[in-house]
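This report refers to the structure that appears directly beneath it.
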Amino acid sequence: MTDHFYRDTWVEVNLDAIAYNIEQMKEKLPESSNIIAVVKADGYGHGSVPVAKRALEAGANALAVALLEEALVLRKAGIEASILVLGRTPPEAAPVAADQDITLTFFQEEWLREVETYKLDKNLKVHMKWDTGMGRIGIRNQKELKQMLDALNENPSIYLTGVFTHFATADEEDLTYFYEQKERFDAFLAFFKEYWPYEVAIHIGNSAASIRLPEDMYDFIRFGISMYGLYPSGAVKAKGEIDLKQAFSLHSRLISVKRIAPGESVSYGATYTAKQCEWIGTIPIGYGDGWIRKLQGASVLVDGKRMPIVGRICMDQTMIQLDREYPIGTKVTLIGAQDGDVIDMDEIANYVDTINYEIPCIINNRVPRIYTPNQS
Ligand SMILES: *Cc1c(COP(=O)(O)O)cnc(C)c1O
């Protein structure tokens with residue numbers, strides 16, 4: 001899958017974990033609810049093409065991305081499954097989407113009117129977004145809905161194949177706001193059905209909503225973070241409603257091992273000074289890879305044991321304190337399991353005060369992704 005690489009730092013993506021997580025989710029869902037695998041942002045940093053292919057094999061029925069560009073990457077890779085773009089695509093790109101059979105999201109009448117002015121060789125499939133409380137994109141009232149349906153009626157080449165909404169608090173302990181959104185959605189849906197007799201796909205749930213309320217998910221779920229084996233929040237994790245396997249791990253190797261004397265310092269600013277004789281190892285990863293400076297002081301695994309990051313993280317290199325001398329080339333695990341211990345994504349996310357979603361996204365594509373089990 002991956003081009004050859006020389007560097008001693010890599011991400012391993014376990015595609016069997018992706019399949020496992022999809023199977024776990026499928027077991028919770030009723031037969032009538034299918035899975036849209038969300039592979040935006042290059043598959044949350046895992047690699048959209050290999051993840052999409054494995055997700056489809058494992059039983060996902062469709063794909064979703066944020067941008068038309070991301071959908072085109074999937075089509076170029078030969079993926080024929082239906083793909084929904086979740087964000088707003090500029091109207092002038094509609095002919096490209098129609099040509100490639102990519103479904104676009106819309107929520108503005110002007111958008112429909114402008115798309116009409118472009119020549120579409122094939123019908124353009126669209127899903128309508130309803131804002132029931134997220135406050136991001138989507139129509140907000142029945143008047144807009146009616147206008148939109150009128151515009152669609154005048155336009156046989158724009159083909160409504162779905163309607164959807166998105167929850168703001170499905171991952172929180174308190175579901176009051178979630179239920180308010182759900183109520184608004186159901187009212188919208190009743191109104192919609194009065195005016196629109198045709199079949200459309202209905203989908204409302206992200207990972208959190210789907211794990212917690214699998215029976216309420218209509219035709220599809222939009223399965224993102226938990227397909228990668230991560231829990232949408234501590235609250236969802238604590239409930240233990242689904243077993244997930246983290247697909248992403250990050251590894252490097254010792255490229256330098258040295259002994260420093262008491263009083264000697266490490267890295268820019270000399271912020272770390274040894275109190276006694278100690279072993280310092282260098283690994284070739286830094287903030288230029290997305291291994292951000294805030295991770296100073298966090299631990300990595302060497303020989304199954306935790307070793308602290310000492311001194312400032314550089315653009316390309318990071319130093320760690322070792323408990324003894326290790327040979328050059330010794331494997332260092334920064335995220336993932338090694339010999340019985342594990343540093344999971346949540347631990348790293350907590351350390352830098354963010355959510356697990358952000359971590360694989362910020363480990364950028366300077367770090368090669370390899371896929372296991374090995375693929376030809
Ligand atoms: C990213 C996204 C999802 C997936 O959410 P997860 O919490 O990762 O499951 C679903 N729907 C929309 C509209 C999104 O933008």
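Atoms within each ligand, like the ligands themselves, are counted from 1 in listed order. Keep in mind it's a predicted model, so treat the numbers as computed, not measured.
For the residue pair Q321/Y272, the side-chain donor-acceptor check at 3.5 Å is satisfied. Side-chain contact, D243 with Y20: a donor N or O sits under 3.5 Å from an acceptor N or O.
Among all non-hydrogen protein atoms, the one lying nearest atom 9 (O) of ligand 1 is S207 OG, 2.5 Å. When only non-hydrogen protein atoms are considered, atom 10 (C) of ligand 1 lies nearest to R222 NE, 3.4 Å. The protein heavy atom nearest to atom 15 (O) of ligand 1 is K40 NZ, 2.7 Å. For atom 7 (O) of ligand 1, the closest heavy atom belonging to the protein is Y357 OH, 2.6 Å. In terms of protein heavy-atom proximity, atom 5 (O) of ligand 1 is nearest to N206 CB, 3.5 Å.
With a 4.0 Å cut-off on non-hydrogen atoms, I225 touches ligand 1 through its backbone as well as its side chain. Within the 4.0 Å heavy-atom criterion, the part of R136 lying near ligand 1 is the side chain and not the backbone.
Note: no N/O pair closer than 3.5 Å links S226 and ligand 1 by distance alone. Where the criterion is an N or O separation shorter than 3.5 Å, residue side chain and backbone included, K129 fails it with respect to ligand 1. Any N or O atom pair closer than 3.5 Å counts here, and V38 shares no such pair with ligand 1.
Each of L29, I35, N61 was scored for a side chain to side chain contact (heavy atoms under 4.5 Å, CB included) with F220, with one residue passing: N61.
Applying the ring-ring contact (aromatic ring centres under 6.0 Å, His included) test to residues at least two apart or on different chains, the pairs with a partner in residues 233-268 are W10-H251, H46-F248.
Scored by the salt bridge (Lys or Arg N to Asp or Glu O under 4.0 Å) test, K331 finds no partners at all (sequence neighbours excluded).
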